[in-house]
Amino acid sequence: MFTVGYIDVEKYRMVSPGIRTREVIITEERIRHIQERHPRDLERFCSYIPEMLRDPDYIIAANRAHTAVILKEIVENGEKFKLILRLKTPDMPEEYRNSVISFWYIGDTTWNKTLKNKKILYKKE
């Protein structure tokens, strides 16, 4: 388990009002999952994860409770990313943390389709 960043709890309250911690972790199992499903994305772009968590462009409603879809464009290079974040709530075991479920690079088509078809909970001004 590794700490990858911290969230501004206020930005994420619309996903889950009872968030218990700012810390976000990633487990070794999730690292393997990302490496298998999205080869080289984690190695090439993991340095963007703290910024995505701290300063998302969009927070989108996910299909699961206490889970957010984060979209972020890294302005310097115009690359876009999607991160799935599960938030720790009071009903979860004490040892749970906010955790990265998945992370990958996305293209313009996926970015635009997500914004068109999903519920936007937060948009950066």
Side-chain angles (χ1 to χ4, degrees):
M1 174 172 66
F2 307 95
T3 298
V4 292
Y6 297 88
I7 61 169
D8 175 349
V9 173
E10 291 306 313
K11 286 182 184 174
Y12 291 85
R13 287 215 189 276
M14 72 287 296
V15 175
S16 188
I19 300 170
R20 291 292 189 218
T21 181
R22 293 182 57 242
E23 179 185 27
V24 178
I25 59 100
I26 190 166
T27 64
E28 291 187 26
E29 184 274 330
R30 292 284 89 195
I31 290 170
R32 285 190 303 277
H33 162 85
I34 295 167
Q35 289 170 332
E36 290 170 7
R37 303 268 174 120
H38 314 288
R40 295 184 304 276
D41 281 1
L42 189 62
E43 291 80 8
R44 290 178 58 209
F45 305 117
C46 68
S47 64
Y48 298 143
I49 292 175
E51 182 180 350
M52 290 182 72
L53 296 167
R54 180 181 61 253
D55 190 29
D57 290 339
Y58 294 93
I59 299 174
I60 308 294
N63 296 338
R64 294 181 181 238
H66 315 299
T67 304
V69 175
I70 299 168
L71 299 180
K72 178 73 176 174
E73 179 177 8
I74 304 302
V75 178
E76 302 90 64
N77 54 20
E79 294 177 309
K80 296 176 173 86
F81 300 91
K82 186 174 186 177
L83 185 146
I84 310 300
L85 175 67
R86 184 179 54 216
L87 298 162
K88 183 195 181 330
T89 60
D91 56 329
M92 294 177 178
E94 185 60 33
E95 66 273 11
Y96 278 34
R97 300 288 178 264
N98 299 321
S99 59
V100 173
I101 302 301
S102 197
F103 163 79
W104 63 102
Y105 169 88
I106 61 173
D108 290 335
T109 301
T110 301
W111 175 276
N112 293 331
K113 185 177 174 182
T114 302
L115 293 178
K116 179 181 177 189
N117 296 326
K118 301 294 182 175
K119 181 179 179 183
I120 298 171
L121 300 175
Y122 167 86
K123 179 181 178 185
K124 182 178 176 179
E125 296 299 322

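Note that the structure is predicted; figures quoted are calculated from it, not measured. Heavy atoms only: backbone and side chains are in, while hydrogens, waters and symmetry mates are out.
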Can you list, pair by pair, the side-chain donor-acceptor contacts under 3.5 Å of residues 60-69, counting residues two or more places apart and other chains?
| residue | atom | partner | partner atom | Å |
| --- | --- | --- | --- | --- |
| His66 | ND1 | Ser16 | OG | 2.9 |
| Thr67 | OG1 | Ala65 | O | 3.0 |

Completion exercise
side-chain hydrogen bond (donor to acceptor under 3.5 Å, both in side chains) pairs touching residues 103-118, sequence neighbours excluded, are Lys80-Asp108

Practice task
Flag the pair Phe81 / Met52 as yes when at least one side-chain heavy-atom distance between them is below 4.5 Å, and no otherwise.
Solution key: yes

Practice task
Please collect all side-chain hydrogen bond (donor to acceptor under 3.5 Å, both in side chains) contacts where either partner lies in residues 17-29, sequence neighbours excluded, each pair once.
Solution key: Thr3-Glu23

Exercise for the section: Kindly determine whether Phe45 and Glu79 satisfy side-chain contact (heavy atoms from CB on, under 4.5 Å), including the steps that lead there. Expected result: CA-CA 10 Å; Phe45 305 117; Glu79 294 177 309; 3.4 Å; yes

Exercise for the section: Calculate, to the nearest 0.5 Å, the distance between atoms CG and CZ belonging to Leu53 and Phe103 respectively. Expected result: 9.5 Å

Exercise for the section: Taking Asn98 for its side chain and Lys88 for its backbone only, find out whether a donor-acceptor pair lies under 3.5 Å. Expected result: yes

Exercise for the section: Start with the C-alpha distance between Arg86 and Met92, add both sets of side-chain angles, then the distance that settles side-chain contact (heavy atoms from CB on, under 4.5 Å), and finish with yes or no. Expected result: CA-CA 11 Å; Arg86 184 179 54 216; Met92 294 177 178; 4.2 Å; yes

Handout entry: Evaluation steps, side-chain contact (heavy atoms from CB on, under 4.5 Å), between Val24 and Ile49
Key = CA-CA 10 Å; Val24 178; Ile49 292 175; over 6 Å; no

Exercise for the section: Can you sort out the partners of Asp91 under salt bridge (Lys or Arg N to Asp or Glu O under 4.0 Å), two or more places apart, ordered by chain and number? Expected result: none

Fill in the blank from the handout: Interatomic distance, NE2@His33 vs CG@Leu42, rounded to 0.5 Å, equals 10.5 Å

Exercise for the section: Just jot down the salt bridge (Lys or Arg N to Asp or Glu O under 4.0 Å) partners of Lys11, sequence neighbours excluded, or say none. Expected result: Asp55

Problem - Cluster check Ile31, Val4: I/L/V/M/F/W/Y, side chain < 4.5 angstrom - result: yes

Practice task
Can you measure from CE (Met1) to CZ (Arg30) and round to the nearest 0.5 angstrom?
Solution key: 15.5 Å

Exercise for the section: Could you tell me the separation between the OH atom of Tyr12 and the CG atom of Leu87, rounded to the nearest 0.5 Å? Expected result: 8.0 Å

Problem - Value rounded to 0.5 Å, distance of CD1 in Ile59 from CG in Leu85 - result: 8.5 Å

Exercise for the section: Inspect the contact between Arg40 and Glu43 and indicate whether a charged nitrogen and a carboxylate oxygen are less than 4.0 angstrom apart. Expected result: no

Exercise for the section: Look at the side-chain heavy atoms of Ile, Leu, Val, Met, Phe, Trp and Tyr, link any pair under 4.5 Å apart, and say whether Leu71 and Val100 land in one connected group. Expected result: no

Practice task
Heavy atoms only: give me the nearest Tyr122-Pro56 pair and the separation to one decimal.
Solution key: CE2-O, 3.4 Å

Problem - Audit row: Ser102, His38, side-chain contact (heavy atoms from CB on, under 4.5 Å) steps and yes/no - result: CA-CA 9 Å; Ser102 197; His38 314 288; 3.6 Å; yes

Problem - Inter-residue atom distance Glu51.CD - Ile70.CD1, 0.5 Å rounding - result: 12.0 Å

Exercise for the section: State yes or no: do Phe2 and Ile34 share one hydrophobic cluster built from I, L, V, M, F, W and Y residues joined by side-chain heavy-atom distances below 4.5 Å, directly or via other members? Expected result: yes

Handout entry: Partners meeting salt bridge (Lys or Arg N to Asp or Glu O under 4.0 Å) with Asp41 (sequence neighbours left out)
Key = none

Handout entry: Common cluster, Ile84/Ile74, ILVMFWY with side-chain heavy-atom separation under 4.5 Å
Key = no

Handout entry: same_hphob_cluster(Ile120, Met14) at 4.5 Å side-chain heavy-atom cutoff
Key = no

